[in-house]
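The structure under discussion appears below in the form of structure tokens.
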Amino acid sequence: QVQLVESGGGSVQAGGALRLSCAASGLSVITSCLGWFRQAPGKEREAVSTIGAYGRIRYADSVKGRFTIFISKDSAKKSVYLEMNNLKPEDTAMYYCAADSIGRGYDELSQMNYNIWGQGTQVTVS
């Protein structure tokens, strides 16, 4: 069974940092397209950053230069991370990890590209 479990969220002050983790089971983090999305109260879910099956990395304009997505070099850990620096209050949201395990072929920044979703981890910046 394919499963994604996020962790690492919390409350920080503006300018602070957090690292989110997404542990994947039942799929390869190397050959799957993975992404981080977020949803703030009253807003639609939006893409934050994605890493494609061939390693192509993309970021939303709002987080470029502040956030970094990466996969553990220890492939046995099967995790994808989101390093978030210089956090701003507008980064406050529920953050979700997503995976495309079947090759949907949509744009990597589109939610439609992902068939597996985690439960989310809350990030609050004050």
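Since we're looking at a predicted model, the values are computed, not measured.
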Between Ser25 and Val2, is any pair of side-chain heavy atoms under 4.5 Å apart? no
Enumerate, atom names and distances included, each donor-acceptor pair closer than 3.5 Å involving a side-chain atom of residues 118-126, sequence neighbours excluded.
unit_1: Thr121; atom_1: OG1; unit_2: Gly9; atom_2: N; d: 3.1
unit_1: Gln122; atom_1: NE2; unit_2: Ala93; atom_2: O; d: 3.4
unit_1: Gln122; atom_1: NE2; unit_2: Thr124; atom_2: OG1; d: 3.4

Separation of Arg66 CZ from Asp91 CG (nearest 0.5 Å): 4.0 Å
Taken in chain and number order and not counting sequence neighbours, the residues that satisfy side chain to side chain donor-acceptor pair (under 3.5 Å) with Ser62 are Arg38
Residue pair Ser21 / Ser7, side-chain heavy-atom distance below 4.5 Å: yes
State, to 0.1 Å, how close Ala14 and Pro89 come at their nearest heavy-atom pair, and which atoms those are. CB-CD, 4.1 Å
Row check, Tyr114 ring normal vs Arg104 NZ/CZ: under 6.0 Å, within 45°: no
Shortest non-hydrogen pair, Leu4 vs Ala99, comes out as CD1-N, 3.7 Å
Please round to the nearest 0.5 Å and tell me the distance separating atom CD of Glu108 and atom CG of Leu34. 10.5 Å
Looking at residues at least two apart in the chain, or sitting in another chain, which of them share a side chain to side chain donor-acceptor pair (under 3.5 Å) with Asn86? none
Could you measure the distance from the CG atom of Asp107 to the CZ atom of Arg58? Nearest 0.5 Å is fine. 4.0 Å
Considering all heavy atoms of both residues, which atom of Gln39 and which atom of Tyr96 are nearest to each other, and what is their separation? CB-CE1, 4.3 Å
I'd like to check Tyr59 versus Thr68 (side-chain heavy atoms, cut-off strictly below 4.5 Å). Are they in contact? yes
Gln13 atom CD, over 12 foreign heavy atoms within 6.0 Å: no
Cys33/Ile51 under side chain to side chain contact (heavy atoms under 4.5 Å, CB included): CA gap, chis, key distance, verdict: CA-CA 6 Å; Cys33 180; Ile51 183 164; over 6 Å; no
Contact between Phe70 and Ile57 at the side-chain level, heavy atoms closer than 4.5 Å - yes or no? no
Side chain proximity check, Thr50 to Trp36, heavy atoms < 4.5 angstrom: no
Stepwise side-chain hydrogen bond (donor to acceptor under 3.5 Å, both in side chains) test for Ser32 and Asp100: CA-CA 6 Å; Ser32 300; Asp100 168 24; over 6 Å; no
Is the Phe37 to Trp117 ring centre distance short of 6.0 Å? yes
Please tell me whether Met94 and Leu109 are part of a single hydrophobic cluster in this structure, the criterion being side-chain heavy atoms less than 4.5 Å apart. no
So, do Asn85 and Phe67 sit near enough that their side-chain heavy atoms are less than 4.5 Å apart? no
I would like to know whether Ile71 and Tyr81 meet side chain to side chain contact (heavy atoms under 4.5 Å, CB included); could you show each step before the answer? CA-CA 6 Å; Ile71 293 172; Tyr81 303 89; over 6 Å; no
Leu27 CG to Asn115 CG distance, which is reported to the nearest 0.5 Å: 8.5 Å
Distance col, row Leu20:CG vs Met84:CE, nearest 0.5 angstrom, shows 3.5 Å
